[in-house]
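Following: one structure in structure tokens, then a few remarks.
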Amino acid sequence: MEAVLTVIALLFVLCLVLGVYATVKAVGAAKRGVDRTIAQARRTVEDTTLRARTLTQPGPAGELAELRLRLRTSMRATQDALHAGVTEDESLKEALGLFKRLSAHGHELDAELRRLEAEPDRHALVSRLPELRERTERVTRSADSLRWAAHDRARRFADDDLDALSAQIDVEAGALRHWTREQPTGSAPSWPEAPAPEAASSQTWPETPESRTAREHTPPALGPRTQRPAYPWQRKPRPESTR
């Protein structure tokens, strides 16, 4: 009885531990989903604000917003392309490591551009714009280079696979069109031999009703004349020369 109670207690504890683990995992997944949604919503709002500033605020403020928007768009597109391609091509891991190093410079530049948006000294801001423009161009050019290299590599692999598939399809199509079959080389079958005639007068054609009727009504052939017996009451025949 004690062993049964011990087993039941162990099962209960095991179920409780599994329930707690599943709850923690579900809460963690939900939290990550919420954080991802909040980050995406914040990013969308910030990008929309930057686009609005490039249109409504001419001058240094509008140019700072344009630089930030260009930097964020390029870095985000490159990040998505590399993360999507590394799952299928392991060689992109090195490119992804280089992008992480580039992202550190991009985040630093974005933070500096954000601080300068609140700069009240317009003359100082104007003097800093050429250097900020040049840094933004370098970072975005490097990010675009990585992204387009990943796109070209994926397209090249797809083209090679398509070429190999096309060659296999051509070979299979040629095999399917080869419908000529080899004729058998054996001798031709011989005709059955005709049966030997039973007699010289045997009938080879089938007998019809007309031929059967004619055969039944045919008079018998004339044979040699036989002499009739003579009786005493009969008169002797007279010779033809006497009258």
Can you tell whether the side chains of [X] and [Y] come within less than 4.0 Å, N to carboxylate O?
{"X": "R141", "Y": "D144", "result": "no"}
{"X": "R128", "Y": "E112", "result": "yes"}
{"X": "R156", "Y": "D152", "result": "no"}

What pair of heavy atoms forms the shortest contact from [X] to [Y], and how long is it?
{"X": "L102", "Y": "S142", "value": "CD2-CB, 3.8 Å"}
{"X": "L125", "Y": "P60", "value": "CD2-CB, 3.4 Å"}
{"X": "A150", "Y": "L82", "value": "CB-CD2, 4.0 Å"}

For this session: Would you check, one step at a time, whether the test side chain to side chain contact (heavy atoms under 4.5 Å, CB included) holds for R68 with E117?
Result: CA-CA 10 Å; R68 286 192 64 196; E117 289 178 353; 3.2 Å; yes

For this session: Look at the side-chain heavy atoms of Ile, Leu, Val, Met, Phe, Trp and Tyr, link any pair under 4.5 Å apart, and say whether V139 and L129 land in one connected group.
Result: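 Same cluster: V139 reaches L129 through Ile, Leu, Val, Met, Phe, Trp or Tyr contacts under 4.5 Å.
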
Could you give the distance from [atom1] ([X]) to [atom2] ([Y]), rounded to the nearest 0.5 Å?
{"X": "L69", "Y": "S74", "atom1": "CG", "atom2": "OG", "value": "11.0 Å"}
{"X": "L146", "Y": "E94", "atom1": "CG", "atom2": "CD", "value": "10.5 Å"}
{"X": "L113", "Y": "E63", "atom1": "CG", "atom2": "CD", "value": "10.5 Å"}
{"X": "S103", "Y": "L109", "atom1": "OG", "atom2": "CG", "value": "12.0 Å"}
{"X": "L98", "Y": "L92", "atom1": "CG", "atom2": "CG", "value": "11.0 Å"}
{"X": "D110", "Y": "E108", "atom1": "CG", "atom2": "CD", "value": "11.0 Å"}

Problem set entry | Chi angles and distances behind the side-chain hydrogen bond (donor to acceptor under 3.5 Å, both in side chains) call for R153, S91 | CA-CA 10 Å; R153 184 177 180 84; S91 61; 2.9 Å; yes

If you draw a 6.0 Å radius around [atom1] in [X], do more than 12 non-hydrogen atoms from other residues or ligands fall strictly inside?
{"X": "E134", "atom1": "CD", "result": "yes"}
{"X": "R122", "atom1": "CZ", "result": "no"}
{"X": "H151", "atom1": "NE2", "result": "yes"}

Please confirm whether the backbone N or O of [Y] pairs with a side-chain atom of [X], one donor and one acceptor, at under 3.5 Å?
{"X": "T78", "Y": "M75", "value": "no"}
{"X": "T140", "Y": "E137", "value": "yes"}
{"X": "T73", "Y": "R70", "value": "no"}

Exercise. Do the side chains of L64 and E119 get nearer than 4.5 Å, heavy atoms only?
Worked result: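 No, every pair of side-chain atoms sits at 4.5 Å or beyond.
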
